[in-house]
Structure formats: C-alpha cells, structure tokens
Amino acid sequence: MPSCHTDCIEKSVSNWFHKLGGFVGRNPWWFLLVPLFISAGLGAGFYFLEEREAHGIEDQFTPKDGPAKQERHFVKEHFPQNDSEFSRLRLYTEGTYGSFIAVSKSSDILSEKAFEEIIYLDGTVREMVGQKGKSYEKLCAMKSNRCFSNDLLDIVNGTASTIKKANLTFPYHISTSNTIFLGTELGGVVLNSSLIVSAKAVRLFYFLRENNKAENDDWLHGFTQVFSNLSDELNKRKIQVSYFTSNSREEEFKENSKSVIPLFSVTYFLAISFSIVSCLRLDCVRNKVWVATFGVLSAGMAVLSSFGLLLYCGMPFAMTVATAPFLILGIGVDDMFIMISCWQQTQVHDNVEDRMAATYKDAAVSITITTLTDALAFYIGLLTPFGSVQSFCMYTGTAVLFCYLYNITFFGAFLALNGSREKGNRHWLTCMKVPEPEDSPEKYNICCVGGAYDQETGKEEPMPINNFFKMYYGPFLTNTWTKVFVILLYAGYLGSSIYGCFQIQEGIDLKNLAADSSYVGSYYDNEDQYFSEYGPNVMVVVTDSKFQYWDKTARERLDTCLERFESLTLDGRSLVAKNMTLSWLNEYVKSGRVSNPNDKTIFMDSLPAFLQLSDFTQDVNISKQVIIASRMFIQTINVSTAVDEKNMLNKLRETANGCSEKLVVYHPAFIYFDQYAVIVSNTIQNIVVATLAMLVISLMLIPNPICSLWVTFAIASVIVGVAGFMALWDVNLDSVSMINLVICIGFSVDFSAHISYAFVSSKEVTANKKAVDAVYHLGYPIIQGAVSTILGVVVLSAAESYIFRTFFKIMFLVILFGAVHGIVFIPVFLTFFGICGGKVSDKKDDGRSNTLSQSGHRWVTQTTGDFNMKNMHELRAVAANSKVWSISSNQSSHYSSHSVNGKTNSVYENIEDCP
C-alpha cells in the first residue's frame, strides 16, 4: 500500500537543527557559559519566594468563580455580621475560632469526673494570654454584652456535679429561657426516647471578633501551643483531646511544603547516580560520566531559571509547585538520554561539528515533540479554575521550555566538548591521550587504552542492552504468538482500567492538606466519627425583593419549597431533618404579633418590633419598607462522606432552582464543596483539549498521519489506565490528581512519540523489522527515561503529605503505563499497519536491496538500509579486481577505509572523489 507523508515541517525542523548542531559544535564555550550566566541572573528571583508563596486553602483548592463564592457575596452584602450579637448559625465565613473535641476513655463523657476535665480545659483556654498580651475575654465574639459561650457549659453553669441532674435532651434541649441545639456540641449520643443516657464526645468552640487579624492569629497560635504542651498531661486523664483552629489548615499546609525540601538532595543524588551508571562505559575514552552529570545539571538550571523568572514576574508559588523540580529532572534526563543515543549513532571519525549536526538532526523531532506536548499540556492546565493547578502548570510548563532550551545549548555544548576529548582519544578523567585498542592489542587495558568503535559501522560500540533489544527482545516481541499475548494483555489492562474509572471518588478531604502526623488529622477523625449525624445548617435565601411575604399564596409557595427540601433523600436516607427548619416568616405569622399577616401595611409595620424581640434581626434585610432579602435555615443530616457532600450540594441547588420563588442555598462549607461541581467537567475539558492539541503536533512533526493517530490513541489509553488504577489505589479525583492527569497527557505522548517516530523513520523493509529497529534504537533510552523519572519522584512516596504521595502514585502509573505502551503495545500495534513506514513489504529478506552495475571501471551499489561492511562484503568479489570503485548510500556520506583481500580500499560518496 502506498504511504502518505506529512513531513514538510519535520524536514524543516530537522534541517534547522542540523545547522544549529553544527553551530554549537563550532562554538561550544559560548553555549556553555551564556546559559550559566542567564541561569544565575534569573535564579536571583528566588529572593521573592517568601513573598510569592500562596498558602490560602480557599484560593488554591476551590474554584475561583465557584457558585458558592457568588452566593457568599450576596449573603455578605445583604446580611452583614453583627459583632455585638454573634451567631455562629449566621456566619457567612467559617469564622475565627479555636476548638477542641474531648472524647471519653470510658463509655460516658457526661460523668462528673470526665466533665471536670472539660471544665478545666475551658478555664485554661479562657485564661490563656497570647504573646501580644491579649486574653480570650478581650478578643472574644460578643453576644448580649458578654463573650460568646458554649451552650452545654451554660446549661451546667460551669459546675460538673450538675451535669447528670440537667436531664439533657437531644438534639434540642429545652431550658427555662430558650431552646438549645446540642447536635454540634455532643457526639456519640445514646438516647432513651429524647433523653440523653450517655455521650462519647464533647466539642467546644471559642470564637473571636474578626476586627484584629494580627492579635487573633497570635491568640490562636497560643491556643495550639497550649494543647500541644498539655498532650502528655491529657494522656493521663480520663479524656482524649484533639484540637483545631480556623488557621490550622493553612499553617499545616504551609509546613507541608517545608517537609519536602530535604528530599530534593536525595532525588538529585539518585538522578545523578542513575544517569552516570546508565552512561558508564568500560572504555576510558567513550565513557560519558561527565556528560550524564551535566545533563542533570542542565535540568537543575532549568528549574532555577524558570522559577526565578516567574517569581520576578509575581506569579503565586503554590505548594503544589514544590513537586515540579522532581518532574523536570525526569524530563530533562529523558531528553539527555535521547541526545546521547543519537550521538552514539554518528561516525566516530567525523569531526565534532559534523557529529553534532547529525546528532541534533536525529534528536530534533523527538525532543521537540516531547517538549511541545509537555509544555502545551501544562499550559492547557491554566484553563482550570483552581489556583493550585494554575500555579503548578505555569511553573512546570515554563520549566519544560527552559529544560529544552538548555538541552540544546548548555548540554549540547558540553556534549561537543566531550566529543572533542573523544576525538583526541583522551582519558575521560585525566584528559591524557591514550592509545587506541587496535594500536596495541597485546597491551590492552581498560584503564589506559580506549577509543574502541564498531569497525563495520564506524559508530560507537552499542551497549549490551541495545543488542539485547535487537537480538532477543525485538524478535520475541514480533513473534506471532507474542503478539497474541500482547493483545490479550492489553485487553485485560483496558478492562481493569475501565472498571476502575467507574470507582472514582471526587473531591479532596481537607484533612489531607496537612501532614499525616499533624494534630489536624485526629480532630477531623473525631469530628467524622462523633459529629457527622448533623451536617451543615444551610441558609435558604429569598433573593427576590419583589416577593410578597404578606400574600398567603406566596407564603404557601415558599412553604412548599421548604417542604421539598425536607423531603430530600439520598440512597434511602433523609438528607434534611424534618421539623428542624428555622423560618422567621413562620414564627412571625404564628407569634400573634401581627394582627393581619395578609395585609401589607400591617405586616410591614409590625415586623420591626418582632425582629427586635426575637433572634431573627439578622435574617431580614429591610430598606424603606421593602424586604430586599431574607433567609431561613434547614438542618442537613447523614452527611458523612465526600460523596454525601457532593450529592447534598447538588440536590439542594437543584431543589432551589426548581422552586417557583428565587432561592439561593448557602453555607460556608459550600466554598469547598464547589470543587465537586467542576472537577469532572474541567478534567474532561483539559484532557480533550490537550489530546486534540497533541494530535495536531503529532501530525505536524511525525511524517505519517496514521502513526500520529496511534500517538493520540496512546494518550487516550494511558489516561484511561491512570484514571482507573488511580481509583483502585485509593486516590480521589481532586485538584491535586487533576494536575497529575494533565502531566499524564504530556508523558503518554513522550514514549509513544519516540517509538512511533523511530518506526516511521526506519529504513527497514518489513513492518516487523521496523518494530525491531525502533526498539533497538529507542528501547533503552525509553527505559532510561522512565527509570530516571520514577527515581525523580520515588522519594515522594516517603512523604507524610497526601499531596506528595498522590503525586508519586499517579506519576508512577503514568510512567509505568507510558513506558509499557512505548516498548510493548505500540510497537506491536504498529506492525499491524505497515503503511506507517516508507516502504513496507511482507517479504522475508535481509533488509537490503542492492543493485550492482558496472560502468567502465566503476562499481556502484545502492542500499535502502544503513550502509555498513555487511553490504561491502557483497562487493568484494567484483571490487577486488577493480582499480576504482564507489559506494553510494542514502544514509552514509562518510569516508572510511576497509580491507578487501588484504588491500585497503577507500569508500567515497561521489565517484568524482575517488583517487
């Protein structure tokens, strides 16, 4: 079948790189030193690192334009907080507070002795003074001209002995003055009817006024210090205590980024060690230890330059960016291995300039494809509404570009200098000239003799692993029965991946933003265990200023909407508690303070007096006898998991939108729940856009459209695999894993693009031989790149942070599946579509198509494969008796000397060059 090529751009890129390679080879010192000075200058941007650090949980891990933020703006504008009459129920933010949960070591925390411990802790908190000299009494939120207090302590009046005499009822306790909701203060409750028999946990809050952030932060820091210092003492008591403040998440999140810094040194040590071992040669001239070291240094310079530049520009530095250096190290080392592999395919007797030109020409398309796809995948990630994802993608995408730039300048320059050393046959360590092996074979010693090369090809001796791919792995892979096994293996992989995709859980658990050993984790665990029965008390806001509250029909429609909320269920469980809805309107109508609630004038005239005497003053916004907005409250229940939170939010919003009145539902926690509404759609959007972009790039740079489609197929296949096995590895789909799925797109292109381009570019004749040739040339570099990238992130598996461990898990899956696709699945699949090559035949031959013709005293041979001495042997019979002969190859244009019948004959590209 005739092949179709789209190689105009590929040829232009290759030709441009051919010229660049020669230029770098002629001027290596400029290309070595200038990047060093640029990197040093841009690296000074790290001076601004502390100023650019972004640790806001809300800013980084919630959608920037999420619906809840718009709802919060409406609530804030129409229901401003009253500092003199604090109400936790009516906060439009989480508030500023310290809190602790006391859990009884016995069966009942409401025993007198256990409650004495709680009262002791309460007194300790109230007496605590921050470093700025402010006590709780001076900073506390006020209600009725005194500090806001916990209802449970008010009931017992601060005396432990009265706790059993109080006859507490649950969830509402009716006291002499009012009705108190205890659902948020008592957990693990055992009831006899509504009377409390026992309880397992007590939770207390200490809210502060929000008018002085510095003093509040100081006091809250002291709060955590007090409980941290009391930990040993509390272990001896009858209760276990966990504690938390409104600042805890961000403080612990900030500490998380510091915990990963020591891992950088370990990572770079592993990367350098692996690179050196991979490039190690027993030949003291061909050894590339320094080349590997400078390759890793090049990746480090890319991180320094890119981060410094963006810090100069004021780009926020989120904690997720701390994982980028590990990733960039893998990308840079991967490109380094490709360039070294291409260098080894050049003729050793050529001058350095020509070898550099050939190296750049061969490596150009591979490293350009991977750079463009990686960088584009990251920059597409900027479309997401999560600040953490945007920050990571901007820093990492820019670092990828710098990595590419330094690879073709700084690293290329050192490769040229190393080539000059090899050209002079000098020792890799001492740079002293050493004899070549053929000059003194009887004195051969790997320490003082070097410079060996393949006498047949004129290239460097291939690595043993390369021969393994050519002689064993390639033929084994292209065996018919192996292909059948590979297809079955792929079917199993795909089936498992699809199953896993249906198990994906959405959303990030906020406790995962702190380290595993953080005190935050135990507080969240106790909260989930003992206080999950009653969820958020959600505001239902009437936003229509034209709503006629005095109209009985309108009130009935509103009541119907509230009843719809109360009837919501989830998997057979009620989602909203019945008879716990708090409505100022219903209370007003039933109060008897309005003689005729159906008359507008009477309704509006009587309303202010009712609001003043009740606790509903903050729930109605009245301006010029017009109710601009008002709010009611519904109590959610049975919300204990992230899935419950997502379903609750969706059902509440759907019910609000389905009502005939204009309603909005809001709670401060919805700011974080909003991630559920956008995470899936944004992930799919990024993947689709990035995949299409990868297809375009592949079509432009891989000279065959069918193989470009195979690259796109590999992207989709790896993404499905990573998403499926990610879920099976207990990783949720959240803003952190979204980052890694963006990475997945770029890396899945890397391996498949390398192998597809090698398949297309191969001069072999049959599809099977093209596959063998592709894995022979790129199998080892792919393994090197995969292992180096995994080594770059493996230390993160030991991190105490969920974010870093998640990064490792998904990167491991990405690299594993990408490499398996590159050296197993894609080569096999490409053999089924022979049109991906230039000339493909099913004919079994030796890979050469030679034609001998005699013209006077000149013999000419043309080969479709790499020209080497195997082709030469066929000429010996006719060439031995010829005075002048020439060989022309479509790949080789190099002078070399060979022995024919004991005589040295010269091979030239052009007939005219013959002596």
Side-chain angles (χ1 to χ4, degrees), residues 49 53-57 59-61 248-271 299-300 303 307 316-331 378 381 384 386-396 399 505 507-521 524 675 679 722-723 725-727 729-744 746-747 787-816:
L49 177 60
E53 286 181 332
H55 298 295
I57 303 294
D59 292 337
Q60 298 302 314
F61 292 95
S248 290
R249 277 193 299 262
E250 293 190 8
E251 288 176 352
E252 293 299 292
F253 183 60
K254 186 176 181 179
E255 290 299 316
N256 249 345
S257 59
K258 296 179 181 178
S259 67
V260 80
I261 293 175
L263 300 179
F264 285 132
S265 57
V266 178
T267 297
Y268 275 82
F269 171 77
L270 289 174
V303 172
F307 283 26
F317 189 94
M319 193 196 77
T320 49
V321 180
T323 59
F326 300 95
L327 180 62
I328 296 303
L329 181 61
I331 294 175
F378 289 124
T384 63
F386 296 95
S388 57
V389 178
Q390 292 177 350
S391 181
F392 174 86
C393 289
M394 176 58 79
Y395 275 93
T396 311
Q505 303 293 325
I508 188 168
D509 192 336
L510 292 180
K511 77 175 181 181
N512 288 331
L513 297 178
D516 297 340
S517 58
S518 170
Y519 63 88
V520 170
Y524 273 118
Q675 59 178 310
I679 194 74
V722 172
F725 282 85
M726 172 185 86
W729 206 352
D730 296 325
V731 177
N732 286 4
L733 179 60
D734 51 42
S735 58
V736 177
S737 53
M738 179 194 283
I739 291 173
N740 293 276
L741 289 176
V742 170
I743 297 171
C744 178
F747 272 87
V787 174
S788 64
T789 304
I790 289 176
L791 286 177
V793 299
V794 70
V795 293
L796 296 179
S797 63
E800 288 193 346
S801 168
Y802 164 85
I803 291 177
F804 296 124
R805 284 199 309 275
T806 296
F807 188 85
F808 161 73
K809 286 181 178 181
I810 301 185
M811 279 305 304
F812 178 80
L813 293 175
V814 170
I815 300 303
L816 175 64

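Along the sequence shown, residues are numbered consecutively beginning with 1.
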Quick one: side-chain contact (heavy atoms from CB on, under 4.5 Å) partners of Glu250, sequence neighbours excluded?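 side-chain contact (heavy atoms from CB on, under 4.5 Å) list for Glu250, sorted by chain: Ile57.
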
Step by step, work out the side chain to side chain contact (heavy atoms under 4.5 Å, CB included) result for Phe307 and Ile328. CA-CA 12 Å; Phe307 283 26; Ile328 296 303; 5.8 Å; no

Which distance, rounded to the nearest 0.5 Å, do you find between the CG of Leu813 and the CZ of Phe808?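 Rounded to the nearest 0.5 Å, the CG-CZ separation comes to 8.5 Å.
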
Under 3.5 Å donor-acceptor, [X] side chain and [Y] backbone:
| X | Y | result |
| --- | --- | --- |
| Ser388 | Thr320 | no |
| Ser391 | Gly387 | no |
| Gln505 | Ala727 | no |

Beyond-backbone contact of [X] with [Y], side-chain heavy atoms, under 4.5 angstrom:
| X | Y | value |
| --- | --- | --- |
| Phe725 | Lys809 | no |
| Ile790 | Met811 | no |
| Arg249 | Tyr524 | yes |

Kindly give the heavy-atom pair with the smallest separation between [X] and [Y], and that separation in Å.
| X | Y | value |
| --- | --- | --- |
| Met319 | Ser801 | CE-OG, 4.5 Å |
| Thr384 | Gly381 | OG1-O, 2.8 Å |
| Ile810 | Met726 | CD1-SD, 3.5 Å |
| Asn732 | Ser737 | O-OG, 2.7 Å |

Within the supplied structure, the quantity of interest is the number of heavy atoms (other residues, nucleotides, ligands) at a distance under 6.0 Å from Phe812 CZ; does it exceed 12?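 Check fails, neighbour count at 12 or below.
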
For Phe807, which residues count as a ring-ring contact (aromatic ring centres under 6.0 Å, His included) partner, sequence neighbours excluded?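 So Phe807 forms no ring-ring contact (aromatic ring centres under 6.0 Å, His included) with any residue.
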
